[in-house]
Amino acid sequence: MTLVKALGMVLVVTLVSGATVAGLAAYTTLTNIKPGIHLEHAAGSTVAPPPSVGAAEGAVNLLLAGSDTRTGQSSFQDKADLASSSGLGNNDVTMLLHVSADHTNATVVSFPRDLVSVPICGNAISSAMLNTTLARGLSCTVQTIEKMSGLTIPYAGVIKFDGVIGMSNAVGGVSVCLATPVKDDNTYPPLDLAAGQQNLVGGNALSFLRSRHGVGDGSDLGRISNQQVFLSALARKITSDGTLNNPITLFTLANAALSNMQLSDTLTNPTSLVSIALTLKKIPLDRIVFVQYPVTPDPSDPNRVIPQPSSAEALVSALKSDRPLSLTGKLGRAATAAATPTASPTPSASPTIAPEATTTPTATSVPLPGDISGQNASQSTCTAKNK
């Protein structure tokens, strides 16, 4: 959400500015856009033509995959690390942004990497894990999520490790609340963070987003809610400290992202980024909801999960309704509510049960089933390690 908004705002500045410095920075930003990937869609899908300058008409669906490839990434120089994932890599992070047709609300759905029994590349049910789809091409990931969400996804992008590091540097770090210490020797760099407010920047920001063993219950589901804590804090930061009104920060942010991203060819047209950004411009933080795609343990393998049919169907129906979503369940496995929006958290000895993530329902909102976890971007939350 924030990435697209920031990139689009850069291009808005580009289009309205005639200043030499701004023009040079804009040129540098645009030359970082690599040739796009052409997306193949499921049969029957209809993709609208690229929008003109101005907010895109109707709903917007954009998929962002986080690749774990070490190829060409300065963060990983060790031969063992380089050998663990190369080329396209796996999509350890898969997020779908859905902006409603009236541009009044947005939802970011995170899909667990360990999902099995899903339609890989839109085909028959497969035992392959969701995170293997990127190695088959970005179109495969898009087709898989299209089949699971029932939505056509015309826009997609892949971001790599160095992009996350560069973006966190560009915004001066993200202040995240830790209810308990976060220690994880399995990330690079290793994490050893004390409880309290921590400004996460550079390699620490990347390791925090990738950590499994240091947050929640050590599962990928805990990592997803940890990412939601971070992304919500990022959204609050860039909308409250003037980031989106600072051309220098925006250009730096865009360059960091674009130089480490591969976009679909539907996004390489600069007006596409502008148009999508403008659809997000007036959506309040409490109308931006982060949710985890509902799953249940795989009966045949405790290390895997499968879709929870009834709740998944309810989520898909809610997305298609284009109405605001109301959370009725709990925060994710690695999240707990902050004591106050501004106070440092009091370390919790055993945050094993996350508090409810309920949002204020409205006359038009759609309540989600209680087993769908998440939070909205306005909620102040803390990361916690389950004891």
Side-chain angles (χ1 to χ4, degrees), residues 1-9 12 55 59-62 64 95-110 167-168 171-177 197 199-200 205 209 224-246 249-250 253 276-292 318-319 322-332 334-343 345 354-368 372-383:
M1 178 277 303
T2 49
L3 169 61
V4 173
K5 191 169 185 176
L7 297 184
M9 290 300 291
V12 170
V60 171
N61 298 311
L62 183 151
L64 180 65
M95 294 181 178
L96 171 64
L97 165 69
H98 172 73
V99 182
S100 64
D102 61 4
H103 307 164
T104 62
N105 61 89
T107 305
V108 180
V109 185
S110 292
M167 290 176 64
S168 70
V171 298
V174 178
S175 181
V176 176
C177 167
Q197 291 293 141
N199 189 56
L200 301 177
L209 288 167
I224 284 176
S225 67
N226 187 54
Q227 292 165 352
Q228 292 172 342
V229 171
F230 181 96
L231 291 173
S232 296
L234 173 61
R236 293 192 298 275
K237 175 184 174 69
I238 70 169
T239 55
S240 65
D241 69 355
T243 296
L244 294 180
N245 295 318
N246 186 328
T249 300
L250 285 173
L253 185 60
I276 295 173
L278 291 175
T279 67
L280 292 160
K281 185 177 180 181
K282 295 182 179 180
I283 300 179
L285 290 176
D286 63 355
R287 291 292 185 95
I288 299 172
V289 178
F290 296 91
V291 299
Q292 177 206 293
L319 291 173
D322 266 346
R323 291 155 57 192
L325 304 187
S326 175
L327 293 164
T328 65
K330 295 184 174 69
L331 295 168
T336 188
T340 67
T342 56
E356 292 184 351
T358 52
T359 51
T360 304
T362 66
T364 60
S365 63
V366 179
L368 295 175
I372 295 182
S373 63
Q375 68 172 89
N376 68 53
S378 69
Q379 288 179 278
S380 294
T381 52
C382 304
T383 286

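Side chains included, hydrogens not; waters and symmetry mates left out as well; all remaining heavy atoms used.
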Legend entry - Side chains of L231 and M95 in contact at under 4.5 Å (non-hydrogen atoms): yes
Inset, instruction - Answer yes or no: is there a donor N or O on one side and an acceptor on the other, between the side chain of T328 and the main chain of P367, under 3.5 Å? - result: no
Inset, instruction - Identify the heavy atoms of N199 and G172 that sit nearest to each other, and give their distance. - result: ND2-O, 3.2 Å
Legend entry - Value rounded to 0.5 Å, distance of CG in D322 from CG in N105: 7.0 Å
Legend entry - Considering all heavy atoms, the nearest S380-R236 contact: CA-NH2, 3.9 Å
Inset, instruction - First locate atom NZ of K330, then atom CD1 of I372, and finally report the distance between them rounded to the nearest 0.5 Å. - result: 13.5 Å
Inset, instruction - Starting at CG of L209, measure out to CZ of F230 and round the result to the nearest 0.5 Å. - result: 4.5 Å
Inset, instruction - Report yes or no: does S378 contribute a side-chain atom to a donor-acceptor pair with the main-chain N or O of L285 at less than 3.5 Å? - result: no
Legend entry - Shortest non-hydrogen contact from A335 toward S225: N-OG, 3.9 Å
Inset, instruction - Could you tell me whether a side-chain N or O of R287 sits under 3.5 Å from a main-chain N or O of A106, the two making a donor and an acceptor? - result: no
Inset, instruction - Can you measure from OG1 (T383) to CG (N226) and round to the nearest 0.5 angstrom? - result: 3.5 Å
Legend entry - Side chain proximity check, V291 to L327, heavy atoms < 4.5 angstrom: yes
Legend entry - Rounded distance (nearest 0.5 Å) linking atom CG of L331 with atom CD of Q292: 12.0 Å
Inset, instruction - Answer with yes or no whether the side chains of S110 and Q227 bring together a donor and an acceptor at under 3.5 Å. - result: no
Inset, instruction - Would you give the length of the straight line joining atom NZ of K237 to atom OG of S175, rounded to the nearest 0.5 angstrom? - result: 8.0 Å
Legend entry - Any C177 side-chain heavy atom under 4.5 Å of V229 side chain: no
Inset, instruction - Taking the side chain as every heavy atom from C-beta outward, state whether V109 and L319 have any atom pair closer than 4.5 Å. - result: yes
Legend entry - L64 side chain reached by L97 side chain, heavy atoms, under 4.5 Å: no
Legend entry - Matching residue for V99 among I288, I283, T104 - test: side chain to side chain contact (heavy atoms under 4.5 Å, CB included): I283
Legend entry - Where R323 and S365 come nearest, the two heavy atoms and their spacing: NH2-O, 3.4 Å
